[in-house]
Amino acid sequence: MTETPSILFVCLGNICRSPLAEAALRAEAEKAGLDLLVDSAGTGDWHVGSPPDRRAQAVALRHGIDISGYRGRQVTAEDFRRFTHVFALDADNLHNLKRIRPADGTASLQLLMDMVPGREGSGVTDPYFGDEAGFDVTWDDVTRAAKAIVTRLSD
Ligand code: 4NP
């Protein structure tokens, strides 16, 4: 039996970008009828136990998805043994994840936008210190990546 793919998205705070990536992939996988396990985490611990930023909740809701029940958590070494795929939202996150990854980690680790043709090597811009419109850009980026992940895993 093939293992169900399990995907972890990691950003800095786990209240803006990675919860939106989680929401987008859950939605795209459901549309495609693809069975996936999806979660998100942050490299930092400031927002452990907190719901997503209200602007992230708002953009998800505009796309019909309620993420008010999500709660922040910090990534752990164990995540590299539990998940099949870990995606970093930007290059700083990727750098930190390489340091956290244990020697016996089995998950693949890559930059999320590497999944999107033409966007390889780029990060999802952190919208936290910007305005509301930045969250629409985040949603667009993570949705493109989510569609690409579903396509790849459906092959
Ligand atoms: P995220 O955004 O990494 O996309 O969740 C941030 C959220 C909070 C902070 C930084 C980025 N912060 O510094 O608290």
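Computed from a predicted structure; not experimentally measured. FYI, side chains are in, hydrogens and waters are out, and symmetry mates aren't considered; it's all heavy atoms of this structure. Every number for a ligand or one of its atoms is a count from 1 in the order of the listing.
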Inset, instruction - Give the residue, atom name and distance (to 0.1 Å) of the protein heavy atom nearest atom 13 (O) of ligand 1. - result: Phe129 CZ, 3.9 Å

Legend entry - atom 2 (O) of ligand 1 - nearest protein heavy atom and its distance: Asp126 OD1, 3.2 Å

Legend entry - Beyond-backbone contact of Phe83 with Leu37, side-chain heavy atoms, under 4.5 angstrom: no

Inset, instruction - Could you list the atoms of ligand 1 found under 4.0 angstrom from a heavy atom of His47? - result: 8 (C), 12 (N), 14 (O)

Legend entry - Cluster companions of Tyr128 among Ile, Leu, Val, Met, Phe, Trp, Tyr (side-chain spacing under 4.5 Å): Ile15, Phe129

Legend entry - Exceeds 12 heavy-atom contacts within 6.0 angstrom, atom CZ of Arg81: yes

Inset, instruction - Tell me which protein heavy atom sits closest to atom 12 (N) of ligand 1, plus the residue, atom name and distance to 0.1 Å. - result: Tyr128 CE2, 3.6 Å

Legend entry - Options Cys11, Pro127, Ser50, ranked by nearest heavy atom to atom 1 (P) of ligand 1, top entry: Cys11

Legend entry - Gln110 (side chain) donor-acceptor with Phe87 (main chain) under 3.5 angstrom: no

Inset, instruction - May I ask you to check if ligand 1 and Ser18 share an N or O to N or O distance below 3.5 Å? - result: no

Legend entry - 4.5 Å side-chain heavy-atom contact, Asp140 and Asp136: no

Legend entry - Contact atoms of ligand 1, heavy-atom distance to Ile15 under 4.0 Å: 5 (O), 7 (C), 8 (C)

Inset, instruction - Would you mind running through ligand 1 and noting each atom that sits below 4.0 Å from a heavy atom of Cys16? - result: 1 (P), 2 (O), 4 (O), 5 (O)

Inset, instruction - May I ask you to decide if Val124's main-chain N or O and Arg17's side chain share a donor-acceptor pair within less than 3.5 Å? - result: yes

